[in-house]
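Report on the following structure.
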Amino acid sequence: TVMRVTKFKPARSFNVAITSVIVLAITSLSDYDEYNPDITGGAGEQVLDILENIPSDSERQSVSDAPNRTRFGGFRFRRPASFTIFRAHGMAASEARAAGDVSSLTFQEHGESSSRKGPHRQSAGEDSDEKQAAALMVKHSSDIYNISGSVEDEEIDPLSNDYVGIIANYFSVGLMIGGSTSLLYPVLIVQGGATSSLMTASYAVVMVFWSYKIFFGFLSDCFPILGYKRKPYIVIGWFFCASVLIVLAKEGNDVDPSHMVMMFATANAGYVMADVAADGFMVWVAHREPIEKRGKMQTLVYSMNKLGQIAINILILLGFSGPLMNCAGYEPDPRVPCTDSPQVIKRVEKHLLEASPTEWCYEMCHASTFDWDLSIPEFALSICFVIAASIPLYLRLKEDKVKAEPRGQFLHAFWKQLQRRAAWQVILYGMISHITFGVMNAAKMPANYVWLELHTFQHQIMVIFEKFFFFVGLNLVRRYALNVSWRKQVLCGSFLVTVFNSLYFIIIFDIWRNSWFYIFTDVSAMFMYTLNFLASHACMVEVAEPGYEAITYSLITTASNAVTPLSAVISYQLLAFFPSLNDQESIATDTPAVRRDFATLHFWVIIINLSSLISLPLLPRQKKETRELVAKGEKSTAGGLFVILSAFIFLIYSTAVTVITVKYHDVYGCAKMLGGGGCSEDESSVMAVILIGAILFYCYGTNFYLSFWPILRGKRRFSWQMFL
């Protein structure tokens, strides 16, 4: 099965057959991991030694392809099959990897290195198996799985005094993420009665600078301060964030909700700067972990991030579950008369108006849990206190001084990094999967409030459980599934998340409307999403090369984060086709038409989410496969340009749309392309259709070209193994 030989003659072909049998025997005795084949250690070294003595493709081609040329006494051979026996049994021996894996197909098929000489050409960008093995053999001297590049680098304890500041940084980041996003529900939905589109856009805006991590990574790597690339930017970022929070505190408790959102977005720039610099530290530490343990540092910092979010959500739970936030029109000062605003009165509980028509605003409503409230200034200053307490830990971080690298030289080197297939393939997977799996039903939050009476207390309980079980899930994956195939993790996670999201149909059709039932389904879905999250982020560490940790990691996460607001844009643009779902009053009517529209929207959201699984062939299976992809050194200028242009266009588009939706909601919020019901009766939905269709076409078209077009052209065979 290794070599297909015609006109077999014992005299010369016997040596070839014996060599094949020896290679097969050695391969079968090798202790291979099914998904993490290590062909550079153990028996694999003997395999490579044998490989050196096997005729190359060009040598066999010179024998077989010319019809009138003969060797070995006149006997002719057909071209032998590729030597895939050096790959793992579960992938290459069964040809599953060859059938479905796109790791050898590049944009170069239309580009620079597709013009290989000779009558029998390899597909563009596809190295022969001999070349792949030779690349791995050259890399063997420094061990392709030791990313730090030195066997003398020792594993670092992240909880030691020199590096505990990294952990503290991620905890503070969790405080800011959880504080800025979780405060939106009580302020916008409960107190302000915001529309579905405004709420969804606000979530995207307060996180907007996560989409610009690449620029902060460039600052960190190219402009060292006093010789340090990490510490100064962590400190500066947190000082800036704390300054914005102090300004927000001075605005008072009556700050306009839209202005509060924009202030949180500004603070986001500061702590993203600190996070990017800390990412460089995190990747640097992770590179010094043995490959069998690599991923523990990453799960540790993400766990601390979630722990910070849990802590701040407990504060919101206790501080914003009182009457001031949850009772429409509540007035703590009896000297101030009750408001007569129709927008407020229509949201007041009916029994309060009936019991006291003139003094209803001084009574606690059913939605409030406590009789006290935390003001927004007090909330902002409490986060500032934690930030200030953490500054000494950042200052004592251990970091070696470096010289500033020439900017042009650094950018040129970084561009070479981006052209690597290992980089742009992972980036494209992150972008496509995040766009499609990130689309959500934007009408759920208002529906939860009017259908389930999900008030601040219950909502914060739900968010705390989400973060806690996400924290637990990360640590379970860290302990038991660190080396499980990433594709299998995403596949299982996506299906399980979809199952729990589908249970919302029970709420839509009023089979069982219970807030605790919804909390159960939502928390369960978040717990299952742990598999998707860690699998899609773990490969980023393997791709980042020493010296380019912060900017490479930032590039990959920037590409993924850039499409997060894009998913939000799609989510509320879908409301243009269901105008009855955009405001709380319309959803509260709960008519059969409203339920039908809600169910239709929820169905299509689930279909779009499941379509993210089509991109799984772009995701490497595990750490070793990612490092082998890096070691092959495949490059494509077209691939790098495509990624840069895609990320840039999506970034500008999503930022502009979300900021306009929040900042100018009173003016443009009615537009259908922004998720509104239309500013006029004859406003067309064509623009919304074009925008949504263009983004989805990008996702499905790019993935089809890379994963399935080679199958249609006969260069690969379809196999279900490409999804496992």
Side-chain angles (χ1 to χ4, degrees), residues 167-191 202-203 206-207 238 241-242 245 248-249 253 260-261 264 267-268 271 275 299-327 364 367-390 393 445 448-449 452-475 515-516 518-527 529-530 533:
I167 309 302
N169 177 85
Y170 284 94
F171 180 83
S172 297
V173 169
L175 291 179
M176 282 302 303
I177 293 176
S180 57
T181 56
S182 297
L183 194 61
L184 296 180
Y185 186 83
V187 171
L188 295 180
I189 294 294
V190 178
Q191 188 182 54
S202 297
Y203 262 90
V206 297
M207 305 287 281
W238 284 118
C241 178
L245 292 178
L248 176 61
N253 203 41
M260 185 195 72
V261 170
F264 276 132
N268 178 238
Y271 71 85
D275 181 83
T299 52
L300 175 61
V301 298
Y302 284 128
S303 297
M304 293 306 299
N305 183 302
K306 295 303 174 184
L307 193 60
Q309 294 185 44
I310 291 172
I312 200 66
N313 277 283
I314 292 175
L315 180 62
I316 295 175
L317 169 70
L318 298 175
F320 292 96
S321 297
L324 194 62
M325 187 63 68
N326 294 273
C327 301
M364 284 182 57
S368 62
T369 305
F370 308 118
D371 58 359
W372 68 82
D373 286 280
L374 185 72
S375 67
I376 291 178
E378 291 170 341
F379 175 76
L381 291 176
S382 64
I383 298 179
C384 287
F385 175 79
V386 178
I387 293 173
S390 303
L393 298 178
M445 283 196 180
N448 292 337
Y449 181 70
L452 306 178
E453 296 184 353
L454 189 72
H455 301 296
T456 301
F457 183 82
Q458 289 177 308
H459 183 265
Q460 295 308 315
I461 289 281
M462 180 186 73
V463 174
I464 290 170
F465 279 147
E466 284 179 355
K467 307 309 179 186
F468 173 75
F469 282 103
F470 195 90
F471 172 84
V472 171
L474 283 177
N475 284 276
S515 58
W516 295 107
Y518 170 70
I519 290 173
F520 164 74
T521 61
D522 190 79
V523 171
S524 300
M526 180 58 68
F527 177 71
Y529 181 68
T530 308
F533 177 84

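The shown structure was predicted, so the numbers you read here are calculated from the model rather than taken from an experiment.
- Here the rule is side chain to side chain donor-acceptor pair (under 3.5 Å) with S515, and of H455, E453, Q458 only Q458 fits it.
- Atom CD1 in I314 sits 10.5 Å away from atom CD in Q460 (nearest 0.5 Å).
- For A249 against A380, the heavy-atom pair with the smallest separation is CB-CB, 4.4 Å.
- Counting only heavy atoms from C-beta outward, the side chains of V261 and Y203 never approach each other to under 4.5 Å.
- Note that CD1 of I461 and OG1 of T369 are 9.0 Å apart. Values are rounded to the nearest 0.5 Å.
- Scanning all heavy atoms of the two residues, the minimum distance from L175 to I383 falls at O-CD1, 4.3 Å.
- Contact annotation: the side chain of H459 never approaches that of N448 to less than 4.5 Å [non-hydrogen atoms, C-beta and beyond].
- Across all non-hydrogen atoms, the minimal contact from S390 to S172 is OG-OG, 3.8 Å.
- Annotation: disulfide bond (SG atoms under 2.5 Å apart) contacts of C327 (sequence neighbours excluded): C365.
- Counting heavy atoms from C-beta on, the side chains of N253 and E378 never come closer than 4.5 Å.
- Within the structure, side chain to side chain donor-acceptor pair (under 3.5 Å) contacts touching residues 173-191 (residues at least two apart or in different chains) are S182-N313.
- Closest approach of M445 and I189 over heavy atoms only: O-CG2, 4.5 Å.
- Contacts of F469 classified as ring-ring contact (aromatic ring centres under 6.0 Å, His included), with partners at least two apart in sequence or in another chain: none.
- Checked against ring-ring contact (aromatic ring centres under 6.0 Å, His included), W372 has the following partners two or more places apart in sequence or in another chain: F370.
- The CD1 atom of I177 sits 4.5 Å away from the CE atom of M207 when rounded to the nearest 0.5 Å.
- Residue pairs meeting the side chain to side chain donor-acceptor pair (under 3.5 Å) criterion with at least one member in residues 314-327, sequence neighbours excluded, are N326-T456.
- Taking both residues in full, the closest heavy atoms of Y449 and L454 are given as CD1-O, 3.8 Å, listed atom of the first, atom of the second, then distance.
- Every residue two or more places apart in sequence or in another chain was checked for a ring-ring contact (aromatic ring centres under 6.0 Å, His included) with F264, and none qualifies.
- Of the possible donor and acceptor atoms, one in the side chain of D373 sits under 3.5 Å from a partner among the backbone N and O of L324.
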> Please walk me through it: do Y518 and M462 pass side chain to side chain contact (heavy atoms under 4.5 Å, CB included)?
Replying inline: CA-CA 9 Å; Y518 170 70; M462 180 186 73; 3.4 Å; yes
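- In the displayed structure, F465 atom CZ is contacted under 6.0 Å by at most 12 heavy atoms of other residues, nucleotides or ligands.
- Between F457 atom CZ and I316 atom CD1 the span is 14.0 Å, to the nearest 0.5 Å.
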> Can you check side chain to side chain contact (heavy atoms under 4.5 Å, CB included) on M304 and N169, steps first, answer last?
Replying inline: CA-CA 9 Å; M304 293 306 299; N169 177 85; over 6 Å; no
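- With values rounded to the nearest 0.5 angstrom, S303 atom OG is found 9.5 Å from I167 atom CD1.
- In plain terms, the two heavy atoms of M325 and V190 that are nearest each other are O-CG1, 3.6 Å.
- To the nearest 0.5 Å, the span separating CG on N305 from CG on L300 amounts to 11.5 Å.
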